[in-house]
Asks: 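One structure follows; several queries about it will come next.
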Amino acid sequence: MSLSRRNFFKLAGASAIGVSMVSPLETFYTRVANGKVSRGKGYGALTPKLPKNAKELTGVVFDGIDISVTPSLALPPRFEYNVISYTGQSMSDGTLVPGLHDGMAAFPGPDNKVIIVRNHELNVDPNGVIASPVYDQIGGGTTTIVVNQNREVERHFASLAGTIRNCAGGPTPWGSWVSCEETFNVGKSGVKRHGYNFEVPATANIQVANPIPIKEMGRFNHEAIAVDPKTGYVYQTEDRQDSCFYRFRPNQYGNLRSGGILEALVIQDANQDTRINYRRYKNKSLNVKWVKINDFDPVNDTVRNEAQRKGAAIFARGEGTWYGNGLVYFVCTNGGDVRQGQVFAYNPANDTITLVVESTKAKDLNNPDNVTVSPFGDIFLCEDGSGVEYVQGVNREGEVYRFAANAFKDGSSEFAGVCFSPDGSTMFVNIQKPGLTLAIWGPWV
């Protein structure tokens with residue numbers, strides 16, 4: 001039986017009368033068995049479109065492209081978007097929007113507003129996030145955007161300063177954003193270490209977070225985090241070609257600075273190197289265990305070395321991760337036999353891991369990076385490959401479909417930070433270069 005998207009969404013609330021729903025990726029497991037991607041139509045053919053607020057963007061030019069007259073996105077029929085923030089724009093605190101927009105998440109705000117906390121993947125940069133208090137020199141950090149019900153920005157401001165290469169991160173169930181440094185550098189001063197996570201409150205009031213590194217979560221090339229709301233455990237990815245997948249168990253639920261235990265995942269009864277020759281494990285739930293990392297704040301970049309000496313699994317560039325449907329999904333951007341990407345799902349309820357997809361062709365899935373689970377069940381992946389980049393969707397029928405195309409086609413303008421408003425009506429996503437944050441809406445269900 002083929003259910004329409006709308007009917008499936010209606011049934012999702014029917015568990016009280018005995019309807020048992022499968023997770024969106026369970027059918028995905030079947031569809032992509034043996035590496036074959038089932039290409040779905042999704043919401044329809046993509047067409048280049050101007051933003052609905054194009055008049056407000058008159059004169060905003062990047063690389064010779066006026067975004068008020070040249071589309072930034074191609075979208076399906078009946079979907080629209082606004083450009084709500086762009087590099088160089090004046091913010092409410094008197095500073096300018098930094099560039100290299102990356103990971104972000106959306107939180108409920110007062111009066112049905114949405115609070116977005118956004119990363120900036122900048123190194124030491126005079127055009128980085130400028131605010132006080134500051135951890136080290138000007139570099140990456142985060143900015144916060146408060147959006148009203150009309151998808152208009154009411155205020156935006158710097159919210160974390162002095163950090164470096166804030167790539168991705170993740171939301172917490174207690175209303176904060178954990179921003180991750182994708183680096184292992186010592187700061188410009190030669191004193192401050194980097195390679196840490198920092199917690200940023202999701203607040204509608206202009207406020208700069210106290211930049212305290214959460215050292216017990218580990219010092220390594222962080223990418224993203226996902227929190228299991230039941231336990232408060234934090235799962236972490238590492239952007240290295242020989243990365244590990246980590247778990248941080250805090251001493252107190254919701255208090256990451258209370259200390260805790262850092263661990264790395266070990267796959268039992270299977271090859272620990274997941275990067276190639278792993279499709280024989282496709283769709284198989286593999287048991288895992290965790291090994292403790294003792295030197296979580298090393299002088300040298302050795303966290304993964306300690307983990308692998310203790311038997312930890314190796315992944316090819318762990319990047320985006322997101323909690324949804326009781327699972328922790330995480331993406332390995334260069335994983336798989338053709339190095340075009342893998343998606344794994346970790347089940348904290350039974351301590352298993354499953355390879356759910358492995359790309360076999362760039363045209364099907366081109367180096368996925370950030371990931372989110374939508375409120376209506378579809379999975380969305382941001383591509384970070386070459387050529388035209390897409391936001392790819394995976395529906396409840398297990399089909400992969402192209403939802404949005406990036407009009408900046410030079411191969412260096414990846415999508416990033418895909419997430420949804422709490423009510424599910426709006427997708428927010430970044431085009432990293434030149435640095436645009438977009439709000440997309442339409443007939444989701």
Side-chain angles (χ1 to χ4, degrees), residues 5 37-54 57 60-87 99-104 118 151 319-320 331 333 340-341 343 357 359-372 374 376 378-395 399-420 425-444:
R5 188 180 302 269
V37 172
S38 177
R39 174 63 60 191
K41 295 181 179 179
Y43 293 93
L46 308 186
T47 304
K49 296 183 179 183
L50 285 172
K52 294 295 286 184
N53 63 337
L57 303 170
V60 179
V61 179
F62 295 103
D63 298 328
I65 299 174
D66 186 334
I67 63 172
S68 69
V69 296
T70 301
S72 298
L73 286 182
L75 291 173
R78 298 190 294 159
F79 279 86
E80 306 290 349
Y81 72 101
N82 283 341
V83 176
I84 62 171
S85 181
Y86 54 87
T87 301
L100 290 186
H101 304 6
D102 210 287
M104 62 184 180
R118 174 184 60 192
R151 302 177 181 90
E319 297 215 44
V331 177
T333 296
Q340 285 296 312
V343 181
V357 65
S359 177
T360 56
K361 296 178 182 178
K363 68 177 183 178
D364 289 333
L365 190 58
N366 184 9
N367 296 126
D369 188 332
N370 288 176
V371 61
T372 195
S374 70
F376 48 89
D378 285 14
I379 311 300
F380 286 90
L381 300 162
C382 292
E383 291 188 327
D384 179 16
S386 59
V388 179
E389 305 289 5
Y390 295 94
V391 174
Q392 299 264 24
V394 182
N395 64 26
E399 296 172 327
V400 179
Y401 60 91
R402 290 171 175 167
F403 172 73
N406 185 342
F408 293 87
K409 301 178 181 179
D410 64 359
S412 64
S413 54
E414 65 186 87
F415 279 115
V418 64
C419 59
F420 278 82
S425 66
T426 306
M427 172 191 282
F428 299 100
V429 69
N430 294 319
I431 295 177
Q432 190 177 75
K433 295 179 183 180
L436 306 177
T437 298
L438 313 164
I440 305 171
W441 67 94
W444 296 109

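Along the sequence shown, the residues carry numbers beginning at 1.
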Asks: If the condition is side-chain contact (heavy atoms from CB on, under 4.5 Å), which residues does P48 pass it with, not counting sequence neighbours?
Replies: P71, A74
Asks: Do V371 and I379 come within less than 4.5 Å of each other through their side chains, counting heavy atoms only?
Replies: yes
Asks: Can you tell me how far OG1 of T47 sits from CG of L75, rounded to the nearest 0.5 angstrom?
Replies: 9.0 Å
Asks: Given side-chain contact (heavy atoms from CB on, under 4.5 Å), test L381 with V400 step by step and report yes or no.
Replies: CA-CA 10 Å; L381 300 162; V400 179; over 6 Å; no
Asks: Atom CG in D384, atom CD in E319: separation rounded to 0.5 Å?
Replies: 6.5 Å
Asks: Check whether any side-chain heavy atom of P77 sits under 4.5 Å from a side-chain heavy atom of Y43, and report yes or no.
Replies: no
Asks: Just jot down the side chain to side chain donor-acceptor pair (under 3.5 Å) partners of N367, sequence neighbours excluded, or say none.
Replies: none
Asks: Filter on side chain to side chain donor-acceptor pair (under 3.5 Å), then keep only pairs touching residues 74-87, sequence neighbours left out; what's left?
Replies: S85-R118
Asks: Do V394 and V343 touch side chain to side chain, with heavy atoms closer than 4.5 Å?
Replies: no
Asks: Taking the side chain as every heavy atom from C-beta outward, state whether S425 and F420 have any pair of such atoms under 4.5 Å apart.
Replies: no
Asks: Given F415, which partner from the list Q392, E389, Q432, E383 fulfils the side-chain contact (heavy atoms from CB on, under 4.5 Å) test?
Replies: E389
Asks: With heavy-atom distances below 4.5 Å as the criterion, would you say the side chains of Y401 and D378 are in contact?
Replies: yes
Asks: From N53 CG over to R151 CZ, what is the distance, rounded to the nearest 0.5 angstrom?
Replies: 11.5 Å
Asks: Determine the sole option in L436, L438, L57 for which the side-chain contact (heavy atoms from CB on, under 4.5 Å) test with P51 is passed.
Replies: L57
Asks: Nearest 0.5 Å, what's the OG1-CD1 distance between T426 and I440?
Replies: 9.5 Å
Asks: Counting C-beta onward and ignoring hydrogens, is there a side-chain heavy-atom pair between F428 and C419 closer than 4.5 Å?
Replies: yes
Asks: Answer yes or no: is there a donor N or O on one side and an acceptor on the other, between the side chain of D369 and the main chain of C382, under 3.5 Å?
Replies: no
Asks: Evaluate the side-chain proximity of Q340 to L365: yes if any heavy-atom separation is below 4.5 Å, no if none is.
Replies: no
Asks: Hey, does M427 have a side-chain heavy atom less than 4.5 Å from the side chain of F79?
Replies: no
